[in-house]
Amino acid sequence: MREEFIETRNYIKLNEAFQGLKDLPASAPKMGLGYGSFGLGKTFSLEKIAFKENAILLRAVQTWTKSSLLTELCEELNIDTQGKSSNLYRRIVESLLADPQIIIVDEIDTLLKSTKYEVLETIRDIHDETGVSIFMIGMEEANAKLKKHRHFYSRIVSFVLFESISKEDIEKLCNLSDIEVSDDLLRYFHQKYPNLRQITVLLLRVEKYCDMNDLESIDLQTFKSSGAEYGDNKQ
Amino acid sequence: MVTINSNKIEYKNKFISKTQKMWNFMRRNRNFRVADLMMIVDDTNETYFYSYINALKKAKYLQVIKNAVAVKNREYRLIKPTGVIAPIFSQKDSFVFDKNNMAYVHFTKKRKELNPKYKALKEMLDFLVSNKKKRVKLSELMFPFAGETSFTKWSKRFQTMKLISKIKTTDEYKKQERWDRNYLKEDGAFVYRVDLKLAIKLATHLSNSEELIVETYWKTDK
């Protein structure tokens with residue numbers, strides 16, 4: 001099985017959202033939010049986009065405070081991390097004004113608590129002063145939780161809902177495999193397995209089975225009789 | 001009529017080197033699989049990937065978490081995230097240079113034995129260090145090189161790297177006649193002053209099989 005990056009429906013949507021934010025005029029708010037369930041390729045899509053757009057990708061953690069966010073941003077911008085928060089903030093703003101870069105914050109859910117309110121406010125300040133696009137990614141509840149912060153929510157102009165994997169995405173993945181996967185098996189994968197991680201594992205098992213039995217293609221019936229669905233130990 | 005300000009923010013299209021792209025991914029994903037790295041940074045050929053990863057591994061930036069026959073399936077951990085700028089490497093001269101902390105890591109292939117070329121040199125340095133010799137004659141240094149015709153070459157190298165240097169005499173009368181009388185002699189042979197600190201340094205390099213570093217002491221650009 002070849003390993004290549006698949007441009008899934010969700011990735012394409014996310015990419016379009018980024019391009020949309022980049023095209024907005026300087027005076028308009030340019031915040032974006034992507035949300036969806038686990039295993040839909042959010043983080044991997046972000047990696048790809050961060051690499052493509054040369055963006056700063058930060059992963060929010062429970063221990064983040066205002067100063068740790070600023071220090072991390074300074075490190076990413078390769079500027080001095082010494083001094084008070086106000087000094088760090090000033091340096092970040094100057095750096096971003098001189099050389100704008102998109103900022104992406106992954107796992108935004110960790111900041112949507114009452115104790116982390118000031119971290120969100122710092123992000124808003126940076127956005128307002130520099131005008132750079134800021135994109136946040138979180139779980140399904142992130143959208144509802146952000147609505148509570150109304151002044152923050154009003155700045156979000158681009159929403160991307162990560163949907164479950166489409167049949168076309170599964171087809172793209174199966175095309176990378178060395179064996180031919182029949183239509184009924186594709187449909188079965190689509191109905192039963194909602195994420196690509198699981199399907200990759202199944203395909204690897206199926207490839208092994210086909211290699212041992214000299215098969216070049218597989219359909220649903222052979223798949224079920226092969227025992228590949230439950231691994232080697234379960235039948 | 002509503003007019004929209006079309007002033008966009010210009011994100012600069014900076015040139016980012018291949019190593020920088022790989023380094024960025026490694027910093028964000030401290031534990032990573034080579035195939036994942038290759039999937040994200042897809043504009044680089046495989047050989048370049050492997051050579052950069054190997055160089056970082058040898059310089060102890062990366063640690064192997066899971067080994068596999070296929071390089072793609074290997075997993076690594078970045079244990080020295082020194083900063084934003086990617087360390088540069090040279091496979092030919094086997095070194096990694098890190099601009100973040102201005103560190104230079106030289107790695108050589110580990111040999112079981114020291115290069116035979118340097119065995120005599122190691123023996124001579126050990127003799128100097130163990131006897132704490134401050135003054136020597138060339139004839140005293142010659143014994144490890146017995147049977148070799150290259151001692152003249154070596155003696156010149158010792159003087160180039162200032163391991164040994166002639167001692168000037170203070171005798172005004174002798175200075176006026178021949179040049180060689182300006183330097184101290186004993187029984188008709190020159191006496192040399194030994195730089196013991198340098199001798200210790202060189203001996204340590206040789207015991208670590210770092211011959212290339214030792215070579216730099218006499219390969220100076222003049």
Side-chain angles (χ1 to χ4, degrees), chain A residues 1-7 11 18-30 41 43-59 72-81 95-104 106 127 130-134 176 197 200 204, chain B residues 2-46 49-50 52 68-75 78 80-87 98-102:
Chain A
M1 189 173 179
R2 284 176 290 131
E3 287 193 73
E4 276 174 28
F5 183 80
I6 304 169
E7 295 202 351
Y11 169 76
F18 268 87
Q19 299 311 321
L21 285 182
K22 275 168 77 177
D23 287 341
L24 285 173
S27 52
K30 285 182 283 301
T43 306
F44 218 68
S45 302
L46 274 190
E47 273 292 346
K48 189 76 180 171
I49 285 172
F51 160 74
K52 229 174 81 176
E53 304 285 345
N54 188 25
I56 299 170
L57 174 54
L58 302 171
R59 294 223 166 96
E72 210 159 305
L73 256 176
C74 280
E75 276 171 14
E76 289 300 317
L77 291 165
N78 205 11
I79 48 179
D80 189 11
T81 54
S95 170
L96 284 175
L97 283 174
D99 180 12
Q101 266 182 293
I102 297 174
I103 300 172
I104 306 170
D106 196 6
H127 168 262
T130 61
V132 294
S133 307
I134 296 183
L176 295 179
R197 255 179 243 161
T200 313
L204 286 172
Chain B
V2 181
T3 52
I4 297 169
N5 182 5
S6 62
N7 268 348
K8 285 185 208 166
I9 290 187
E10 289 292 326
Y11 295 98
K12 288 175 195 166
N13 272 330
K14 279 188 277 182
F15 169 76
I16 306 166
S17 68
K18 292 173 197 171
T19 45
Q20 187 64 53
K21 287 172 188 169
M22 287 190 248
W23 180 250
N24 285 349
F25 183 86
M26 288 178 203
R27 279 180 61 240
R28 284 199 285 260
N29 306 279
R30 297 283 163 86
N31 293 352
F32 66 93
R33 202 166 74 99
V34 179
D36 290 344
L37 169 65
M38 287 168 80
M39 233 186 276
I40 297 293
V41 189
D42 52 3
D43 60 348
T44 312
N45 65 5
E46 285 186 15
F49 266 111
Y50 301 156
Y52 190 55
V69 182
V71 188
K72 279 186 177 182
N73 294 332
R74 286 183 199 161
E75 284 178 28
L78 179 66
K80 262 202 265 178
T82 44
V84 189
I85 306 164
D98 192 343
K99 212 175 172 185
N100 300 305
N101 51 6
M102 299 305 269

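Because only heavy atoms are used, hydrogens play no part in the values below, and waters and symmetry mates are left out as well, while side chains stay in. A, B, ... follow the sequence lines: proteins, then strands. Residue 1 opens every chain.
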Heavy-atom pair of closest approach, residues [X] and [Y]:
X: B:Ile9; Y: A:Gly131; value: CD1-O, 2.7 Å
X: B:Arg28; Y: A:Ala50; value: NH2-CB, 4.0 Å
X: B:Met39; Y: A:Phe44; value: SD-CE2, 3.9 Å

Looking at A:Asn54, A:Val132, A:Asp99, which hits side chain to side chain contact (heavy atoms under 4.5 Å, CB included) with B:Tyr11? A:Val132

Hits for ring pair (Phe, Tyr, Trp, His ring centres under 6.0 Å) against B:Tyr50, two or more places apart or cross-chain, chain-then-number order -> none

Contact class of B:Asp36 relative to chain A, heavy atoms under 4.5 angstrom: both

Per-residue contact mode, B:Ile40 against chain A (heavy atom under 4.5 angstrom):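 Both parts, heavy atoms under 4.5 Å.
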
Considering heavy atoms only, which positions within residues 72-79 of chain A lie below 4.5 Å of chain B? A:Glu75, A:Glu76, A:Asn78

Within the structure provided, determine whether A:Phe51 and B:Asn24 are in side-chain contact (heavy-atom separation under 4.5 Å).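 Side-chain contact under 4.5 Å: no.
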
Heavy-atom side-chain contact between A:Lys48 and B:Asp42 under 4.5 Å: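 Yes, side chains in contact.
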
Is it the backbone or the side chain of A:Ile102 that comes under 4.5 Å from a heavy atom of chain B, or both, or neither?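 Its backbone and side chain both get close to chain B.
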
Given that the side chain runs from C-beta out, which part of A:Ser133 has a heavy atom under 4.5 Å from chain B: side chain, backbone, both or neither?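 Interface part for A:Ser133: both.
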
Please identify each residue that fulfils salt bridge (charged side-chain N to carboxylate O under 4.0 Å, His left out) with A:Lys22, with sequence neighbours left out. A:Glu53

With sequence neighbours left out, write down each residue that passes salt bridge (charged side-chain N to carboxylate O under 4.0 Å, His left out) with A:Arg59, or none if nothing qualifies. A:Glu47, A:Asp106

